[in-house]
Amino acid sequence: MDFFAESNQNGFGFFVVSVLFYLFVFFLIQFFQHKKRFYLFYALYALITGITLMKYVDGVFFSDFFNAPAGRIFNRWFHYPSQWMASILFILFIAEIMGFKKDHPKFVKFVKWGYWGMAPLYFTLWVVYVFNPRSYLIDYCEAFVLLPMNLIAFIWGFGLVVKQNRIIKWYILFGMTSLFISYLIISLYSLKAKTANTETLYIFYVGVLLESLMFALAIGLEQKMVYVQKAHVQKKYIDQLEENQSIKESINKALSDELVQTKAEIVGLSTEAQKERSEKLAIKVENKIAQLRLEALRSQMNPHFIFNALNSIKSYFIENNQEKAIYYLGRFSKLIRGILESSRKDLITLEEEMNIIKMYVEIESDRFKNGMEYVLEMDKDIPAHIIVVPSLLLQPFVENSIWHGLSTQAGKKKLTIKIEGQNPSDHLKITISDNGIGRQASRAKNIQNPLKGQSLGLSIIKDRLDFFSKKYQGDFNFAISDLKDEKSGKPLGTEVVIHLPKLMPETDQLEKNF
């Protein structure tokens, strides 16, 4: 007890102050490395607490300063602002590391409005005290405004920490309890002696040490959990890329085997002599080669999807946004699976095609920070789960609308897909429209940017629709037009209209072609 009673002279107090300054430097460096605000809050809290305790330590290099007139003036200027700053930094640290801003926004609002609301009155009375040290108004404000505010915020925050389902809460609770008990005991001694008793200051030293140890352990555990989660996300990301590569290699191998088989069929056909048979076989070979060319063209579209999506995932890793990266990776994986499965088929249902477009638009919309509106209008009587359309037909049009029309459009961005043809005899009419900058402005931007490559999407679609027109004896076509204001001629966007025959698996025509 004699050792603790003389803690201001025997080096124990100096040790506590040194620990606080070490924590300030360490966690300030952590803040600049990881950009997490709870590092900054705790670093500043440790700094202010350490400066506050320096005036009580004797026999060290800074003791003479605090005993000199300059030190007493500094203490008069620093004492009361430090009480307010230490209080709000302590509460903000607890709220930030426990995630109260997301889970308990009312508490965060109470803290911000409470402390900043009292700040004008508190600092006005502090200015009065600086120029008139005999004024005790600041003491009344601290006793009847700041301390009750601290007590309410502490108890409320303590209760919210108890409800949290996180491992670090036990360290936070123990640290808060240690500091509260030390404050309470010191306050009781001071009330009994009617003045601050430096001989019992060791109680506060012990409380600060325990609180610093617990909070440092909590911060270290939180940092470890972030690293573990980041490593898990990166491993999942790498596994998904490996799986996608494996799927792509499997499809390429299937295409190669099919090409070899087709070559063998062509060699066998050279022995056929009948004219009618030769013509039918020639048409079959032509369709087969066209289909293989179509598969090759579709396989070239996959890297473009993957490149765009991986850039977005990369940006979230750079921003250390783990939750967003996991969500984006899941959507990306589902989209890639849909594209790879659809690329192996000649025709897919309209419902499958629109599901792929929906996932693609959601991913691209995330690039605009959800600043793009997507609207799908479809006649109710259209059996989207039965009608089949050429696979991956709409994606290049949607991609052009987003990248060439909406990406540089200021203000509200809107993409609309309208599907008509509810009467059985009608063709399927699909209209894709946007409120982008228009084709003329887009071409001007491309001329100014010589590094931007020319898209092959439209030429690929034209080849595909020509192929389907021959194969299914139907009219597959599309037309692109500019939307303009009738009076001013101002561009209002671009519209693509696609006409397709209604193809269904149970028709005789499809049974023959399938």
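In this chain, numbering begins with 1 at the start of the sequence shown. Remember, it's a predicted structure, so these values are computed and weren't measured experimentally.
Between A218 and I168, the shortest heavy-atom contact is O-CG2, 3.7 Å. Scanning all heavy atoms of the two residues, the minimum distance from V108 to A95 falls at CG2-CB, 4.4 Å. Residues D475 and P501 share a closest heavy-atom pair of O-CD, 3.6 Å. The two residues Q473 and K470 make their nearest non-hydrogen contact at NE2-O, 3.0 Å. F468 approaches P390 most closely through the heavy-atom pair CE1-CB, 3.4 Å. Summarising the geometry of A153 relative to I91, their closest heavy-atom pair is CB-CD1, 3.9 Å, with the distance given to 0.1 Å.
K418 places no side-chain N or O within donor-acceptor distance of the main-chain N or O of T431, the cut-off being under 3.5 Å. Proximity of a side-chain donor or acceptor of T177 to a complementary backbone N or O of L173 within less than 3.5 Å is detected. Between the K413 side chain and the D434 main chain, no donor and acceptor come within less than 3.5 Å of each other. Listed for the D379 side chain is no donor-acceptor partner under 3.5 Å among the backbone atoms of I382. Side-chain atoms of S178 come within 3.5 Å of backbone atoms of F174 as a donor-acceptor pair (strictly under, hydrogens ignored). The closest donor-acceptor contact from the side chain of N435 to the backbone of K414 lies under 3.5 Å.
Put simply, the side chain of M372 does not reach to within 4.5 Å of the side chain of K412, judged on heavy atoms. The shortest side-chain heavy-atom distance between I417 and V361 does not fall under the 4.5 Å cut-off. At least one side-chain heavy atom of I419 sits under 4.5 Å from a side-chain heavy atom of L376. Proximity of F397 to I430: side-chain heavy atoms (C-beta onward) are nowhere separated by under 4.5 Å. Side-chain contact between M98 and V161: present, with at least one pair of heavy atoms (C-beta onward) separated by less than 4.5 Å. Between L503 and F476 the shortest side-chain heavy-atom distance falls below 4.5 Å. Inter-residue side-chain proximity for L394 and E353 is flagged as met; some heavy-atom pair is nearer than 4.5 Å. Here the side chains of M176 and I94 are in contact, with some heavy-atom distance below 4.5 Å.
Taking CD1 from I498 and CG from N477, the interatomic distance works out to 9.5 Å, rounded to the nearest 0.5 Å. Once rounded to the nearest 0.5 Å, the distance linking CD1 of I219 with CZ of F27 reads 4.0 Å. A distance of 11.5 Å separates CG of L23 from CD of Q30, quoted to the nearest 0.5 Å. Here the straight-line distance linking atom CD1 of I97 with atom CD of E222 works out to 5.5 Å at 0.5 Å rounding. Note: D466 CG to K471 NZ = 14.5 Å, rounded to the nearest 0.5 Å. Taking CE of M118 as the start and OG of S87 as the end, the distance is 8.0 Å to the nearest 0.5 Å.
The aromatic rings of F26 and Y22 sit parallel, their planes meeting at an angle under 30°, below the 60° perpendicular limit. A parallel orientation is assigned to the rings of F154 and F90, their planes being inclined by less than 30° (bins at 30° and 60°).
A salt bridge is defined here as a Lys NZ or Arg NE, NH1 or NH2 lying under 4.0 Å from an Asp or Glu carboxylate O, and D239 with K235 meets this definition. Under a 4.0 Å N-O distance rule, the pair E243/K236 does not qualify as a salt bridge. Contact check on E96 versus K36 returns no salt bridge, with no Lys/Arg side-chain nitrogen under 4.0 Å from an Asp/Glu carboxylate oxygen.
Using a 3.5 Å distance cut-off with no hydrogens or angles, the side chains of Y360 and N355 do not pair a donor with an acceptor. Side-chain atoms of N244 and Q240 form a donor-acceptor pair, as typed in the model, at a separation below 3.5 Å. Looking at H427 and E420, their side chains never bring a donor and an acceptor atom within 3.5 Å of each other.
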Apply the test side-chain contact (heavy atoms from CB on, under 4.5 Å) to residues V389 and T349: give CA-CA distance (whole Å), side-chain angles for both, the deciding distance (0.1 Å), then the verdict.
CA-CA 6 Å; V389 297; T349 65; over 6 Å; no
Go through T416 and Y374 one step at a time and tell me if the side-chain contact (heavy atoms from CB on, under 4.5 Å) criterion holds.
CA-CA 6 Å; T416 303; Y374 169 59; over 6 Å; no
Check the pair L217 / M214 against side-chain contact (heavy atoms from CB on, under 4.5 Å), numbers first and verdict last.
CA-CA 5 Å; L217 289 174; M214 292 299 104; 3.8 Å; yes
Walk me through whether M85 and I48 qualify under side-chain contact (heavy atoms from CB on, under 4.5 Å).
CA-CA 8 Å; M85 288 187 292; I48 292 173; 3.6 Å; yes
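Exactly one residue among Q164, K109, K163 makes a side-chain hydrogen bond (donor to acceptor under 3.5 Å, both in side chains) with H104. That residue is Q164. Checked against Y115 for a side-chain contact (heavy atoms from CB on, under 4.5 Å), the options L89, N150, L92 give a single hit: N150. None of W156, W113, F158 except one satisfies the ring-ring contact (aromatic ring centres under 6.0 Å, His included) rule with F107; the exception is W156. Applying ring-ring contact (aromatic ring centres under 6.0 Å, His included) to F93 and the options F100, F215, F41 leaves one that passes, F215.
Other residues, nucleotides and ligands contribute at most 12 non-hydrogen atoms within 6.0 Å of the CZ atom of F180. Dense packing is recorded around CD of Q33, with more than 12 heavy atoms of other residues, nucleotides or ligands lying under 6.0 Å away. Heavy atoms of other residues, nucleotides or ligands lying less than 6.0 angstrom from CD1 of I167 number 12 at most.
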